[in-house]
Amino acid sequence: MATVASSKSITVTVNGTTYEREVPARKLLIHFLRDDLDLTGSHIGCDTGNCGACSVIVDGTLVKSCMMLAVQADGATIETVEGLAEDGELNELQRSFNEHHALQCGYCTPGMLMSATALLRANPSPSEQEIRKALQGNICRCTGYWNIIEAVKAVAK
Amino acid sequence: MSVETASEARASAVAPERVEAPLKGWAGQSVPRKEDKRLVQGEGLFVDDIKRHGMGYLHFVRSPYAHAHITRIDVSAAEAIPGVYGTLTGEEVAALTDPFFQISSPPGAHVKDYALAVGKVRYVGEPVVAVVAETRELARDASELVEVEYEPLPPVVDARRALDEDAPVLHEEAGSNLMWTGVYEWGDVEQAFAEADRIVTIKELHFHRFNSTPLECDAALVEYNRGVGQWTIYTNNQFPGFAAIMMGPALRVGLDKLRFVTQDIGGGFGNKITSHPQLVVCCLLARKLNRPIQWTEWRTDFHMSMSHGNERWFHDTEVAVKEDGTLLGFRTKALDDAGAWLRYEPLGGVIWAQVTPGMYRWRNIRLEFTQVATNKAPVSPNRGYSRMQHLWFTERVIDIVAHELGLDPVEVRKRNYIRAEEMPYETPNGCVYDSGDYARMLDLALELVGYDRIEERRAEAASRGKLLGVGIGSTLDSGTNNFGQSRLINPELQFSGNNEVATVKLDIFGEIVVTLGTTPQGQGHETTAAQVVADILGCSVDDVHVRAGHDSYWNSHAGFSGTYASQFAVTGLSAVKGATEMLAAEIKKLGSVILGAPEEALELADGTVRVKDNPEAALPFMACGAIINANNAGLPEDLDVTLNCRYVYRPPFQPPDVERKYGNLTLTYAAQVHVAVIEVDPETGYYEIVDYAAVDDCGVRINPQIVEGQVMGATAQAIGAAMHEAFEYDEEGNLLTPNFYDYHVPHALDMPPLATGAIESPSPFTPLGTKGMGEGGGAGIHAICAAVQDALRGHGDAIVWDSHNPYRRVWEMLQHPERTRELVEVKAA
């Protein structure tokens with residue numbers, strides 16, 4: 001067991017704000033976001049990297065933030081669910097989730113939104129199968145995914 | 001004496017009094033949810049989001065053995081680490097608390113259940129010691145320094161062996177592993193078998209162990225106010241009323257010392273009802289260490305220790321059938337596996353009886369129910385709790401009978417379904433099915449999968465080497481419990497009826513504020529409550545602010561408050577309706593004084609109270625709120641108006657007849673008919689669902705989109721349970737599926753095409769015509785089981801005997817159909 005964890009100073013830009021923090025080397029990025037920066041929108045639903053509730057975008061790449069150490073994010077630009085709304089207004093994808101009843105408890109929703117955001121950036125006109133594939137790393141226990149798929153489809157160009 | 005017929009039964013039904021017709025307006029519309037705005041921005045407030053200065057993180061040291069004596073615990077090395085705040089052991093728990101109240105009559109009543117293991121562990125993952133430290137990581141590390149010495153004992157893992165003479169005994173105080181047993185018999189079973197043309201016997205059926213695995217695990221943040229001796233428990237427990245009555249006596253305090261607060265809950269499905277042991281540990285540590293305690297369960301901990309669904313065996317089933325497929329009755333022995341502790345059990349031993357005959361007219365039923373303890377995680381309610389197991393059994397019986405007698409499963413269902421014109425229908429055990437048209441639902445579901453072309457499709461699939469199968473699952477989602485049914489388990493219990501509370505007030509600036517006693521986990525209570533309020537007050541849903549979550553400081557709760565067992569649309573919304581009607585009457589009373597018109601001449605519209613014939617003469621709600629709350633001098637002395645109204649809805653129930661095990665056990669009976677079409681690859685047993693229809697009838701739908709969402713979610717969970725999800729143990733009692741690596745829940749790619757349909761048979765017994773709903777997913781398990789059996793028809797004719805049919809089991813059934821054929825027999829009576 002490690003009684004004294006080594007730590008490191010890191011600088012990250014999250015949703016446009018730059019933070020400099022001292023973090024233990026062992027700390028997961030998701031715990032850094034939630035506990036140190038109080039960005040609690042990203043959630044934790046498993047301890048094995050399966051559920052995707054913690055999905056964020058790091059330097060343009062979709063990442064499960066429980067599978068990355070905070071120190072690995074040093075210098076990175078990170079986008080989380082808190083950064084999706086534009087000037088306090090829900091963006092098109094968020095509105096579509098609301099209109100299509102694509103969420104119930106809302107716990108998986110931040111991760112779903114980030115996965116869908118990454119998909120739509122890479123592929124603005126995904127097929128239904130491409131949407132399903134892009135969301136396969138995100139578990140939802142409430143909706144059965146049908147309405148989530150519809151919500152993403154409605155935003156696809 | 002002849003066998004009682006369904007129509008005779010109807011004549012003797014004692015139905016609750018009918019109530020008024022439902023509302024119109026906002027209700028009935030798919031209003032987009034009010035909750036979503038915060039949730040899609042990551043601004044929901046889930047327990048783990050809450051932080052407090054100086055809080056300590058709690059981690060549990062858990063048992064690595066399924067069954068063992070604890071011979072020594074040493075926490076000194078863990079406590080010596082800087083940053084470790086303290087620990088709690090079973091010995092301390094036994095000194096500081098009393099064992100949890102047991103629902104069971106003897107022998108289960110003798111079980112001594114504490115918040116941590118005392119002297120002995122009884123399943124892998126059982127909490128033994130709690131460690132609190134400055135960080136999550138440190139708490140986890142320090143836990144590894146806690147030394148626990150065990151003396152392993154042989155475990156009992158298979159419920160069928162639990163009552164063997166040489167079986168290891170979990171709870172010595174109870175004498176054996178028998179926790180509860182009871183015989184239920186209604187009608188004239190002997191006579192039914194005497195009148196039968198055929199008797200179909202089924203040696204063994206097995207409903208497997210799984211649960212709904214809400215994505216957010218259990219969690220709490222607990223603060224202790226030393227001065228007043230009160231704990232504030234921020235939690236995601238979904239039934240605070242139950243937690244309170246378990247925790248208060250254990251902690252030796254009155255319920256006012258336990259303040260429960262919830263806001264957003266990341267899924268519950270019944271699995272978050274029984275976290276009271278962990279909450280007691282948090283309470284003890286908050287008091288002992290004088291600091292807030294934060295506990296968030298890890299996924300693997302959840303899988304190993306929390307709320308598995310009831311695993312159930314059905315043995316020696318006999319079904320009395322007429323030549324034409326008319327079902328006269330059945331007898332069976334249900335063996336329920338409670339796991340190591342009775343945390344909500346043995347209520348599963350009676351909850352099934354809410355739906356004793358399923359959707360069918362059979363009148364003569366005998367069921368011997370036995371519940372045993374095993375060295376596995378304790379069971380607790382899981383979506384469809386106990387009814388799902390029983391309805392799976394009745395649906396299996398229907399399909400096995402049809403299969404063995406060469407009858408059409410559609411015809412057998414239609415012949416035996418309770419008919420629309422027989423509603424309200426009294427079942428053999430006194431439950432009153434309120435309304436419904438099951439045959440019409442079946443027709444609709446069949447139409448949605450294109451059933452008229454099914455034989456063509458079967459041939460087409462065969463041409464591709466695939467076996468096509470169609471299966472039906474028809475189930476009831478009984479809702480709004482009569483807690484009096486607990487007396488059938490233990491006549492000493494003093495519970496009956498049900499209740500829920502809402503308050504609605506008009507505040508100084510005209511704010512309409514609603515508080516609920518419920519603890520929603522995604523069911524959209526803020527939205528549907530606002531729809532009901534807006535219709536009564538004549539305003540917009542946007543004008544109605546429904547507070548998120550539950551807080552026992554709000555005084556808007558009662559003994560049964562919470563969100564569980566398919567009841568909000570009845571209990572919650574009826575409370576909202578009652579409180580809002582009280583408020584509306586008060587607004588009119590005040591309006592009458594201010595506007596100088598009689599109350600009868602007034603109406604509520606556009607956020608005002610106004611004179612019907614002269615809408616110019618209007619008093620805005622804002623003025624009403626201001627007058628009563630802040631500008632009330634000069635009002636008539638006898639004006640009894642506070643604009644702050646509290647209503648307790650109490651459903652019309654009588655305590656059941658304990659001797660006869662007879663009475664109405666729930667107020668409403670929503671119905672589901674699901675149809676699955678699958679294609680099986682006979683080489684591998686791999687199969688996929690190629691078409692799926694889910695038809696639901698939950699009476700009046702306040703928000704059809706939310707209702708459909710519940711149907712979809714329940715369907716997805718059923719598909720997962722039927723095909724993929726199982727809590728499987730090895731012989732030593734190790735859980736083989738302790739996290740999402742091994743426990744596969746459906747992903748977006750797993751979901752079949754889905755068609756949903758709905759009919760509305762308003763409940764005549766509820767104030768809004770609504771029925772509780774949301775748990776109807778069991779229908780999917782039955783439909784898939786039936787579809788597998790249908791696909792294998794003519795290919796060995798295997799009988800589907802287990803609720804869990806992963807590809808390997810289908811392959812086994814194809815390879816060795818005789819192993820399942822041995823389970824059934826048809827006898828001429």
Side-chain angles (χ1 to χ4, degrees), chain A residues 1-3 5 24 26-27 31 34-35 38-51 53 80-82 84-85 90-91 93-95 97-110 113 129 131-149, chain B residues 30 32-33 35-46 48-49 51 81-82 135-137 141-142 144-145 212-217 264-269 296 298-300 521-524 705-706 708-710 712-717 719 739-741 745-751 754:
Chain A
M1 110 157 215
T3 47
R26 65 186 298 188
K27 186 166 242 171
H31 284 139
R34 290 180 51 79
D35 296 346
D38 209 22
L39 292 167
T40 54
S42 307
H43 297 142
I44 302 170
C46 71
D47 41 32
T48 49
N50 291 83
C51 85
T80 72
V81 68
E82 288 93 342
L84 288 181
L90 302 187
N91 74 14
L93 184 67
Q94 290 169 310
R95 285 200 307 275
F97 266 56
N98 174 230
E99 285 156 13
H100 289 86
H101 190 30
L103 61 148
Q104 290 180 26
C105 79
Y107 199 76
C108 75
T109 309
L113 287 166
Q129 191 61 14
I131 295 170
R132 286 171 181 256
K133 197 150 190 287
L135 299 179
Q136 69 164 320
N138 295 78
I139 292 174
C140 171
R141 291 304 272 155
C142 295
T143 67
Y145 306 98
W146 290 286
N147 283 345
I148 296 173
I149 294 161
Chain B
S30 292
R33 295 199 324 165
E35 293 87 342
D36 292 1
K37 187 161 186 261
R38 65 175 182 272
L39 295 171
V40 297
Q41 296 187 85
E43 291 177 346
L45 188 71
F46 297 89
D48 190 68
D49 301 342
K51 296 179 179 66
I81 302 289
T135 67
R136 292 175 209 274
E137 293 83 2
D141 287 348
E144 292 187 13
L145 295 181
S212 297
T213 60
L215 200 53
E216 179 203 38
C217 293
D264 295 304
I265 298 181
F269 316 114
T296 298
W298 294 80
R299 169 58 54 189
T300 302
Q521 314 116 37
Q523 296 90 341
Q705 190 181 42
I706 288 176
E708 189 193 40
Q710 290 293 314
M712 289 173 156
T715 301
Q717 292 193 348
I719 291 170
N739 52 50
F740 285 143
Y741 261 132
V745 299
H747 292 190
L749 282 167
D750 295 325
M751 304 319 294
L754 173 72

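Per chain, numbering begins at 1; letters A, B, ... match sequence-line order. Remember, predicted model here, so these are calculated numbers, not experimental data. As a basis for the values below, the full set of heavy atoms in this structure was taken, side chains included, without hydrogen atoms, waters or symmetry mates.
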Proximal component of [X], with respect to chain B [non-hydrogen, under 4.5 Å]:
X        : result
A/Tyr107 : both
A/His31  : side chain
A/Asn91  : neither
A/Thr109 : side chain
A/His43  : side chain
A/Leu90  : side chain

Sort [X] into side chain, backbone, both or neither according to what part of it lies under 4.5 angstrom from a heavy atom of chain A.
X        : answer
B/Asp264 : neither
B/Glu43  : neither
B/Ile706 : both
B/Phe740 : both
B/Gln523 : neither
B/Arg38  : neither

Considering non-hydrogen atoms only, spot the tightest contact between [X] and [Y] and give its length.
X        : Y        : result
A/Val81  : B/Gly42  : CG1-CA, 3.7 Å
B/Ala716 : A/Gly144 : CB-CA, 3.4 Å
B/Arg33  : A/Gln104 : NH2-O, 2.7 Å
A/Ala85  : B/Gln41  : CB-OE1, 3.5 Å
B/Val40  : A/Leu113 : O-CD1, 3.3 Å

To the closest 0.5 Å, what do you measure between [atom1] ([X]) and [atom2] ([Y])?
X        : Y        : atom1 : atom2 : value
B/Leu39  : A/Asn98  : CG    : CG    : 10.0 Å
B/Arg299 : A/Asn50  : CZ    : CG    : 10.0 Å
B/Leu754 : A/Trp146 : CG    : CH2   : 4.5 Å

Check ion pair B/Asp750-A/Arg132 (N to O, under 4.0 angstrom): no

Could you pull out all residues at least two apart from A/Lys133 that satisfy side chain to side chain contact (heavy atoms under 4.5 Å, CB included)? A/Gln136

Is there a side chain to side chain contact (heavy atoms under 4.5 Å, CB included) between A/Ile139 and B/His747? Walk through the geometry before answering. CA-CA 6 Å; A/Ile139 292 174; B/His747 292 190; 3.9 Å; yes

Top of A/Thr143, A/Ile149, A/Leu135 for chain B proximity - count of heavy-atom pairs under 4.5 angstrom: A/Thr143

Using side-chain heavy atoms (C-beta onward) and a distance below 4.5 Å, is B/Met751 in contact with A/Ile148? no

Let's go through B/Asp48 and A/Arg34 carefully: what are the C-alpha distance in whole Å and the side-chain angles of both, what is the deciding distance for side chain to side chain contact (heavy atoms under 4.5 Å, CB included) to 0.1 Å, and is it a yes or a no? CA-CA 9 Å; B/Asp48 190 68; A/Arg34 290 180 51 79; 2.7 Å; yes

Step by step, work out the side chain to side chain donor-acceptor pair (under 3.5 Å) result for A/Arg141 and B/Thr213. CA-CA 7 Å; A/Arg141 291 304 272 155; B/Thr213 60; 2.8 Å; yes

Decide side chain to side chain contact (heavy atoms under 4.5 Å, CB included) for A/Cys51 and B/Leu215; before the verdict, give the C-alpha distance in whole Å, the side-chain angles of both, and the deciding distance to 0.1 Å. CA-CA 8 Å; A/Cys51 85; B/Leu215 200 53; 3.8 Å; yes

